[in-house]
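Each chain gets a letter, A, B and so on, in the order the sequences are listed, and its residues count up from 1. Source: prediction; values computed, not measured. Only heavy atoms go into these numbers, but all of them, side chains included; no hydrogens, no water, no symmetry mates.
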Protein chains: 2
Amino acid sequence: MHQDLLRRCTYFTDLPDAILTAAASAAQLRRVQGGEFFFHQGDPASHFYVLAEGNARLSQITPEGRQVIMGLIGPSHEIGIIAAIVGAIYPLDLQATQDSMALIWDRATLRTLFESHPVLALRALHMVSGRFVELQDRYRELSTERVERRLARAILRLVAQVGRPASDGVTIAMPLARQDLAELTGTSLFTVSRTLSAWEDAGIVRSGRERVTLCDPGRLTAIAEDLPV
Amino acid sequence: MHQDLLRRCTYFTDLPDAILTAAASAAQLRRVQGGEFFFHQGDPASHFYVLAEGNARLSQITPEGRQVIMGLIGPSHEIGIIAAIVGAIYPLDLQATQDSMALIWDRATLRTLFESHPVLALRALHMVSGRFVELQDRYRELSTERVERRLARAILRLVAQVGRPASDGVTIAMPLARQDLAELTGTSLFTVSRTLSAWEDAGIVRSGRERVTLCDPGRLTAIAEDLPV
DNA sequence: GGCGAGTTTTGCGGTAGGACAAGGTTCGCA
DNA sequence: TGCGAACCTTGTCCTACCGCAAAACTCGCC
């Protein structure tokens, strides 16, 4: 009954119906309230998740208690394929930022699916490799680029991922505090606030409490890519 | 004939001899002179590599031409399992920093091995997941920590990876310029130079042209972990 | 042995952006 | 409708770090 959701995941996309049906019928459901955790950093990696409804935050906590956001995700995003590996632990927290629901598979189920459909193991490798490349790009960004450009890219990514058309542009359909953007881009909430204020004066975005709307994607892309304005 | 090398790779470790033999006999050899590239960022990912001799640098070039080093590797390090995936491209450069030799497998060979020995596909997932977690840690580091501590960690990692005992400590057995350390830790060569000079005055390291020797691992660990001195 | 290219050191400004503080705004909830 | 908590803005100060320049060092090679 969840085949349609799975079809929208990059992990399951374009697979034969037989495999989707097998995967969907082997899945269980897990609901979590906004603010609660699907799992914590350091927990044994027991399940593979596909977010079906809601939004969630992937984050790490530094030993000093500072938080770093590795990703903000919406429906049809896959998380925790590491559960396929014996003895693995989750390397980060997955926290629902709104009431959420996910399809989940435990390790034994996952292994059974891999054995019946070896393509799923290759797909898993494909998915993690893709995430790895994305993270490399973010690493390079953090290493070489200024805050303003990192912030521009983060917002463009979020708009592409969970954007919803609004009267005056495209809104990020997810509660998004200045602090979140700061932890996502490796800066401070003050700098985020100043930058957004400047962009708002320039008519590039409109923003408010936990809300950002992109009005002029062209100008923001110019900032992100250092194109001539 | 290369089973021993493979046994030292985390990818192949603890596998039955039959699998090691199958993998080793399917491998080809590739030699590359110091300074030359095994492959470039953007090339079709055609082969999986295991470095047998020499050293190499994994790096990305930003659109503006700035280099970022994602890793410095030595013998028995595996690179490019992404070659198992149809249509993939290498996300970075692999450049030999000294005359080097690698065992390589092309995609078809890799796929054949995966089919005969499904554990190899799972191991691939395991390996990439592990690298992903390491990169996450470096990302968090870059995002939240000061240069001095990032540099301390980078040196400790290199010592652990390719350290060679020397009269006055442990030397990093690989030519390692200030510029390399800067690109590895996301800082400038000047800051690296200043920091190493300060550490040398304090008796923690000894260093010279493209060479670093760690004399006092305890003190450097204290810097890396922010322990009381 | 000495030239020259590449590497490193160190001094000196300049600045992006971090940290703190104080006040304003938004929103849930009683 | 009004209170309180959470969130946002903006000013001021400050410093870690960058970027440049000039000189010193190292080492391969003729």
Option from B:D201, B:T191, B:I155 for which side-chain contact (heavy atoms from CB on, under 4.5 Å) with B:L196 holds: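 For B:L196, the side-chain contact (heavy atoms from CB on, under 4.5 Å) test succeeds with only one of B:D201, B:T191, B:I155, which is B:I155.
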Give the rounded distance in Å between these two atoms: [atom1] of [X] and [atom2] of [N].
| X | N | atom1 | atom2 | value |
| --- | --- | --- | --- | --- |
| B:L151 | D:dA16 | CG | P | 16 Å |
| A:R211 | D:dT9 | CZ | P | 10 Å |
| B:E200 | C:dT10 | CD | P | 9 Å |
| B:E64 | D:dG19 | CD | P | 13 Å |
| A:L189 | D:dT9 | CG | C1' | 10 Å |

Near [X] [atom1], under 6.0 Å, is it more than 12 heavy atoms from other residues, nucleotides or ligands?
| X | atom1 | result |
| --- | --- | --- |
| B:H77 | NE2 | yes |
| A:R30 | CZ | yes |
| A:E64 | CD | yes |

Suppose the criterion is ring-ring contact (aromatic ring centres under 6.0 Å, His included): which pairs have a residue in residues 40-71 of chain A, not counting sequence neighbours?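 Qualifying pairs, neighbours excluded: A:Y11-A:F48, A:F37-A:H40, A:F38-A:Y49, A:F39-A:Y49, A:F48-A:W105.
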How does protein reach along nucleotides 19-28 of chain C, written 5' to 3' as B (base within reach of a heavy atom under 4.0 Å), S (only sugar-phosphate), or - (no contact)? BBB----BS-
Considering every strand and a 4.0 Å limit on heavy-atom distances, what is the contact class for A:L196: base, sugar-phosphate, or nothing? nothing
Pair A:E183 + B:R140: basic N to acidic O under 4.0 Å: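 Salt bridge absent between A:E183 and B:R140.
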Any ion pair linking A:E145 and A:R153 (charged N to carboxylate O, less than 4.0 Å)? yes
The bend of the helix from C:dG1-D:dC30 to C:dA30-D:dT1, taken between the axes of its five terminal pairs at each end and rounded to 10°, is 40°
Taking only side-chain nitrogens and oxygens of A:S193, does any of them come within less than 4.0 Å of OP1 or OP2 of D:dT10?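 A:S193 to D:dT10 OP1/OP2: no side-chain N or O under 4.0 Å.
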Report yes if at least one side-chain N or O of B:T191 is closer than 4.0 Å to OP1 or OP2 of D:dA16; otherwise report no.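 For D:dA16, neither OP1 nor OP2 has a side-chain N or O of B:T191 closer than 4.0 Å.
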Atom CG of A:N55 and atom CG of A:L72: how far apart are they, to the nearest 0.5 Å? 8.5 Å
Under 3.5 Å, which donor-acceptor pairs do the side chains of residues 157-174 of chain A form with other protein atoms, sequence neighbours left out?
from: A:D168; atom 1: OD2; to: A:R206; atom 2: NH1; distance (Å): 2.6
from: A:T171; atom 1: OG1; to: A:T213; atom 2: OG1; distance (Å): 2.8

Listed in order of residue number, which residues of residues 169-186 of chain A have a non-hydrogen atom at under 4.0 Å from DNA chain C?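 DNA chain C contact set from residues 169-186 of chain A: none.
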Between B:T195 (side chain) and B:E148 (backbone), is there a donor-acceptor pair under 3.5 Å?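 Side chain of B:T195 to backbone of B:E148: no pair is present.
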Counterpart residues, side chain to side chain donor-acceptor pair (under 3.5 Å), relative to A:D43 (two or more places apart): none
